[in-house]
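A quick write-up on the structure given underneath.
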Number of protein chains: 2
Amino acid sequence: MDLMLCPPRFTLVLGRDGELQDSKKINQSRIQRKKRALILNAAESVFARRGFSGSRLKDVAEEAGLPKANILYYYKSKEDLYRCVCQDILENWLGAIGEISVGSEPNEALRKYIEAKMELSMQRPNASRVFAMEIISGAPVIGDYLATELKSWVDKHVLIFQGWQNRGQLVDVSPYHVFFVIWAVTQTYADFETQIKLLLGDQHLGLDEYKRAVKSATQIILCGLIPR
Amino acid sequence: MDLMLCPPRFTLVLGRDGELQDSKKINQSRIQRKKRALILNAAESVFARRGFSGSRLKDVAEEAGLPKANILYYYKSKEDLYRCVCQDILENWLGAIGEISVGSEPNEALRKYIEAKMELSMQRPNASRVFAMEIISGAPVIGDYLATELKSWVDKHVLIFQGWQNRGQLVDVSPYHVFFVIWAVTQTYADFETQIKLLLGDQHLGLDEYKRAVKSATQIILCGLIPR
DNA sequence: GTCTATAAGTTGATAGAC
DNA sequence: GTCTATCAACTTATAGAC
């Protein structure tokens, strides 16, 4: 449900057994890493549909094409697997989007940010859905991350927005809500893809419709934010 | 994830056992109706946090303050209960918002629609969350409703939007995406309340912050939609 | 109408043969 | 490393006493 825009400065470790997870990650053979990645990918798909408590390890195993016991060989528990999925998503997002710099011009900076978020929604929709489920459920796992790292990132950028507003480059709205609006719109194309497909009558959201979505979202939000 | 704006013209019946549900509804004593409403309310709260497959009837029973067996006395199965929750939400939404009429002026019509959607998100956030979970899960229960009734309502209003665009009263964006943007923004204040609270540092989203949210959302979207 | 007891099935997790 | 067999705990749902 939102991203850090800066490159990762350190390795994120969500949850209680970070040391164990880290050591497991470091001492991995190539095969182990491949299998863990295979399971992680299958788990992301299952968690995206059912959330944490609704997902079954059996379904993860079937999605990965492995016996159920193997899942628990590579991840010590269902919760461990879920934390690793969340961590993997965060690290991917951390690396995928650039920083919004103080000196940059708001129209270009925000356009780039919106386009990057849309690209993430389209390329890895299940990641967005896992996050949506997690937050709707009350953010039991990533709550700490939201309250600390994401909050400090947002607070920093709120100051940038206020600078733009003082110079008349951004309309006078609550800067926090600027983020809420951008996140809501860009992520809806991943999270509510089912609804969007049904209403557009498309089986697959093709490249054309994707471009139309980016164009519409960018136009509406930017026109609403940049004074003329 | 979206609403009918017209008043309900008939009773919605989701799912396979509509007749049974209806007869049960009609021949109810006052006490039965009260208990069913109590359970429905508790169920909405539980399903909003865990989705269908993640929810336990035990939790519904505790939330309602009833023994577990009583839940299955009033609703014949977990799935039946879930369908009734979805149906109840849809009917509430159907009745809560007025129609967007052809002759009305887009600025006022869209402002009223956005404000009504925001009010629904704030007054009954769990309803929005149940819907979000349902759609992220692939809309197994309300998919038919989305593809038929909601689609025909949207298609009708797309024509109205195109009329506005021909008269230069609405900017030239894909009308479908106008809905996607409005729904995304208004519903984010219910679905992602956890995140918003954490980032704003508020324990409770008070009336002041609610008013600021309505103002910001309305301003950004409307300025992006209405040409000047 | 209400609730205890329990049936029938599924779940996360483990032990141990290979 | 892999996989079968299995456990204890928990799930939905039902039967039947009150």
Side-chain angles (χ1 to χ4, degrees), chain A residues 15-17 20-21 23-40 42-47 49-86 133 137 140-141, chain B residues 15-17 20-21 23-40 42-44 46-47 49-86 137 140-141:
Chain A
R16 300 155 196 166
D17 284 32
L20 225 159
Q21 289 167 25
S23 67
K24 224 176 186 177
K25 264 197 168 176
I26 290 167
N27 304 329
Q28 269 170 30
S29 72
R30 243 168 285 131
I31 292 176
Q32 281 175 319
R33 239 175 298 171
K34 266 199 175 177
K35 288 253 173 169
R36 277 179 68 95
L38 176 75
I39 294 170
L40 214 60
E44 184 179 285
S45 154
V46 173
F47 286 134
R49 276 186 99 80
R50 308 286 181 194
F52 173 72
S53 50
S55 296
R56 309 291 148 210
L57 290 180
K58 185 194 64 159
D59 298 329
V60 176
E62 279 172 15
E63 181 86 15
L66 292 172
K68 194 178 66 167
N70 284 32
I71 308 296
L72 289 164
Y73 171 76
Y74 284 101
Y75 294 89
K76 74 169 198 284
S77 70
K78 182 185 171 184
E79 189 178 323
D80 177 35
L81 174 60
Y82 180 69
R83 293 192 122 88
C84 289
V85 168
C86 288
M133 290 268 195
S137 301
V141 165
Chain B
R16 301 155 195 166
D17 284 33
L20 226 160
Q21 290 166 26
S23 67
K24 225 177 187 176
K25 263 195 171 179
I26 290 166
N27 305 329
Q28 269 170 33
S29 72
R30 244 168 285 130
I31 291 176
Q32 281 176 319
R33 238 175 297 170
K34 267 199 177 176
K35 288 252 174 167
R36 277 179 69 95
L38 176 74
I39 294 170
L40 214 59
E44 184 180 284
V46 173
F47 286 134
R49 277 197 159 255
R50 309 285 180 193
F52 173 73
S53 50
S55 295
R56 308 292 145 206
L57 290 181
K58 184 194 66 159
D59 298 327
V60 176
E62 282 172 13
E63 182 86 13
L66 291 173
K68 194 178 61 169
N70 283 32
I71 308 297
L72 288 164
Y73 170 75
Y74 285 101
Y75 293 90
K76 74 170 199 283
S77 70
K78 180 184 171 184
E79 189 178 322
D80 177 35
L81 174 59
Y82 180 70
R83 294 192 121 90
C84 288
V85 167
C86 288
S137 300
V141 165

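So that the names make sense, note that chain A is the first sequence line, chain B the second, and so on, each numbered from 1. Excluded from the calculations below are hydrogen atoms, water molecules and symmetry mates; all remaining heavy atoms, backbone and side chain alike, are included.
- Rounding to the nearest 0.5 Å places CD1 of A/I31 at 8.5 Å from NZ of A/K34.
- Counting to the nearest Å, the P atom of C/dT2 and the CD1 atom of B/I71 are 11 Å from each other.
- Put simply, the side chain of A/R49 does not reach to within 4.5 Å of the side chain of A/S55, judged on heavy atoms.
- Rounded to whole angstrom, the span from the NZ atom of B/K68 across to the P atom of D/dC10 amounts to 11 Å.
- Annotation: the span from B/S77 atom OG to B/I71 atom CD1 amounts to 12.5 Å, rounded to 0.5 Å.
- The listed nucleotides are C/dT4, D/dT11, D/dT2; the one nearest the side chain of A/N70 is D/dT2.
- The shortest distance between the side-chain N/O atoms of A/Y75 and the OP1/OP2 oxygens of C/dA13 is not below 4.0 Å.
- Between A/L72 atom CG and D/dC3 atom P the separation is 14 Å, expressed in whole Å.
- Between the B/Y75 side chain and the B/R36 main chain, a donor and an acceptor come within less than 3.5 Å of each other.
- Applying side-chain contact (heavy atoms from CB on, under 4.5 Å) to B/Y74 and the options B/I39, B/D80, B/L40, B/L81 leaves one that passes, B/I39.
- Remark: the A/K35 side chain and the D/dG1 base include no donor-acceptor N/O pair separated by less than 3.5 Å.
- For A/Y74, taking side-chain heavy atoms from C-beta onward, the closest of the listed nucleotides D/dT14, D/dG1, C/dG1 is D/dG1.
- The separation between B/L57 atom CG and D/dT12 atom P is 4 Å, rounded to whole Å.
- Residue A/P67 places its side chain closer to D/dC3 than to any other of C/dA13, D/dA13, D/dC3.
- D/dA13 atom P lies 10 Å from atom NZ of B/K76, rounded to whole Å.
- Heavy atoms of B/S55 sit under 4.0 angstrom from primed sugar atoms or phosphate atoms, though from no base atom.
- When rounded to the nearest whole Å, the span between CZ of A/R33 and P of D/dG1 equals 12 Å.
- What separates CD1 of A/I39 from P of D/dT2 is a distance of 9 Å, to the nearest Å.
- To the nearest angstrom, C1' of D/dA13 lies 14 Å from CD of B/E79.
- Side-chain proximity of A/A69 to C/dT14, C/dG12, C/dG1: nearest is C/dT14.
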